[in-house]
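Accompanying notes for the structure given below.
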Amino acid sequence: MAADSADPHQESLLLIQFARAPQEGKVKTRMVPHLSAVEACALHCELTLWTCRQLLDSSLGAVELAVAGDTHHRLFEQCRAMGVSWVTEQCGADLGERMYHAMRRGLAHYASVILVGSDCPGIDPDYLRQAVTALHTAPIVIGPANDGGYVLLGARAITADIFQDMPWGSDQVYAKTCLALARAGLTWVALPYLTDIDRPEDLVVWATLQHRAQTAVL
């Protein structure tokens with residue numbers, strides 16, 4: 001599904017960030033009771049803004065924020081103010097459908113698309129540049145997560161098959177996605193493993209990244 005040759009964006013990249021509208025008791029639920037529902041929701045907002053800033057700071061391409069829930073929530077208004085090009089609504093019955101729809105739509109206008117969630121603050125401009133470099137040699141790049149999922153998916157071509165019958169949220173997602181890619185005849189490059197901030201034990205990773213960022217600006 002390559003971009004049309006007449007499209008002015010044919011040699012460009014679209015960065016898509018998936019995010020959920022913050023609702024107490026509905027986001028970062030695996031952090032509770034270590035964090036209160038209010039604290040977990042605040043963490044979700046912090047991670048969403050952090051990820052948005054990394055994508056924008058990379059200066060690799062336009063940034064789209066694809067939202068599940070209220071696209072006009074003040075959190076996403078902040079993202080607009082930071083420089084996000086579009087805030088759109090996710091479309092599909094499950095996560096796989098929503099990812100496929102977003103990437104397919106992006107590839108109709110851009111030569112390549114990189115999609116990330118809002119849970120992995122380790123995705124920084126350098127990691128994104130690694131993904132772009134990988135897409136020069138393969139149609140797919142994937143960033144595996146330490147919990148068995150993945151934190152980044154980039155593509156120059158995509159098929160719905162790699163999103164179907166996937167046990168989302170389990171530790172089998174990355175392995176099963178690789179099997180689906182192989183069955184579809186798509187080659188891929190794997191990036192270094194990163195950590196999603198999903199459970200209380202992951203908070204040390206988040207604290208370390210924040211400390212490094214604060215130290216860097218001193």
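These numbers were taken from a predicted model, which means no experiment stands behind them. Along the sequence shown, residues are numbered consecutively beginning with 1.
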Task: Check: Gln130 and Pro192 side chains under 4.5 Å, non-hydrogen atoms - done: yes
Task: Nearest-0.5 Å distance, CH2 of residue Trp50 to CD of residue Gln210 - done: 6.0 Å
TODO: Check whether any side-chain heavy atom of Leu55 lies under 4.5 Å from a side-chain heavy atom of Val84, and answer yes or no.
DONE: no
Task: Note, Trp86 side chain near Leu14 side chain (heavy atom, < 4.5 Å) - done: yes
Open item on the list: Under a 4.0 Å threshold between the charged nitrogen and the carboxylate oxygen, would Glu77 count as salt-bridged to Arg80?
Closed with: yes
- [ ] Measure the CG-CG distance between Leu209 and Asp124 for me, rounded to the nearest 0.5 Å.
- [x] 8.5 Å
TODO: Indicate yes or no: at least one non-hydrogen side-chain atom of Leu152 is less than 4.5 angstrom from one of Val141.
DONE: yes
- [ ] Check whether Ile16 and Trp188 end up in the same hydrophobic cluster, where Ile, Leu, Val, Met, Phe, Trp and Tyr are linked by side-chain heavy atoms less than 4.5 Å apart.
- [x] yes
Task: Spatial distance of atom CG (Leu115) from atom CG (Leu153) [nearest 0.5 Å] - done: 7.0 Å
Open item on the list: Please say yes or no: joined through hydrophobic side-chain contacts below 4.5 Å, possibly via intermediate residues, are Val38 and Leu35 part of one cluster?
Closed with: no
TODO: Indicate the atoms forming the closest heavy-atom contact of Cys120 with Leu194, along with that distance.
DONE: SG-CB, 3.6 Å
Task: Minimum side-chain heavy-atom gap Arg105-Thr88 below 4.5 Å - done: yes
- [ ] Write out all pairs satisfying side chain to side chain donor-acceptor pair (under 3.5 Å) with one or both partners inside residues 172-186, taking only residues at least two apart or from two chains.
- [x] none
Open item on the list: What's the separation between atom SG in Cys52 and atom CD in Gln78, rounded to the nearest 0.5 Å?
Closed with: 9.5 Å
Open item on the list: Is it true that, when you exclude Asp126 itself, more than 12 heavy atoms of the residues, nucleotides or ligands shown sit nearer than 6.0 Å to its CG?
Closed with: yes
TODO: Would you confirm whether Gln90, through its side chain, and Ala66, through its main-chain N or O, come within 3.5 Å as a donor-acceptor pair?
DONE: yes
Task: Heavy-atom closest pair, residues Ala131 and Leu191 - done: CB-CD1, 3.9 Å
- [ ] Please lay out, stage by stage, how Ile123 and Gln54 fare under the test side chain to side chain contact (heavy atoms under 4.5 Å, CB included).
- [x] CA-CA 7 Å; Ile123 296 175; Gln54 302 307 307; 5.5 Å; no
- [ ] Taking Arg98 for its side chain and Ala68 for its backbone only, find out whether a donor-acceptor pair lies under 3.5 Å.
- [x] no
Task: Close side-chain approach of Asp196 and Asp202, heavy atoms under 4.5 Å - done: no
Task: Contact summary for Pro22 and His44, nearest pair of heavy atoms - done: CB-CD2, 3.8 Å
- [ ] Determine, using the 4.5 Å side-chain heavy-atom cutoff (strictly less than), whether Ile142 and Phe163 are members of one ILVMFWY cluster.
- [x] yes
Open item on the list: So which atom in Ala180 and which in Asp161 form the shortest heavy-atom distance, rounded to 0.1 Å?
Closed with: CB-O, 4.2 Å
- [ ] Would you check if the side chain of Gln17 reaches a backbone N or O of Thr48 as a donor-acceptor pair within less than 3.5 Å?
- [x] yes
Open item on the list: Using 0.5 Å steps for rounding, measure from the CE atom of Met99 to the CE atom of Met103.
Closed with: 7.0 Å
Task: Side-chain heavy-atom pair Leu203, His34 within 4.5 angstrom cut-off - done: yes
Open item on the list: Within this structure, what is the CZ-SG distance for the pair Arg74 and Cys45, rounded to the nearest 0.5 Å?
Closed with: 7.5 Å
Open item on the list: So does Lys26 get a backbone contact from the side chain of Thr29, meaning a donor-acceptor N/O pair under 3.5 Å?
Closed with: no
Open item on the list: Looking at Glu46 and Lys28, is any side-chain nitrogen of the basic one under 4.0 Å from a carboxylate oxygen of the acidic one?
Closed with: no
TODO: Find out if a path of hydrophobic residues (ILVMFWY) with successive side-chain heavy-atom gaps under 4.5 Å connects Val27 to Ile197.
DONE: no
TODO: Report the residues that fulfil side chain to side chain contact (heavy atoms under 4.5 Å, CB included) with Asn146, sequence neighbours left out, ordered by chain and then residue number.
DONE: Tyr193, Thr195
Task: Same apolar cluster: Ile158 and Trp168, side chain cutoff 4.5 Å - done: yes
Task: side chain to side chain contact (heavy atoms under 4.5 Å, CB included) evaluation trace for Met82 with Leu49 - done: CA-CA 9 Å; Met82 289 164 63; Leu49 292 172; 3.9 Å; yes
Task: Heavy-atom closest contact (Leu135 atom, Arg156 atom, distance) - done: O-NE, 2.5 Å
Task: Where Thr71 and Val87 come nearest, the two heavy atoms and their spacing - done: O-CG1, 3.7 Å
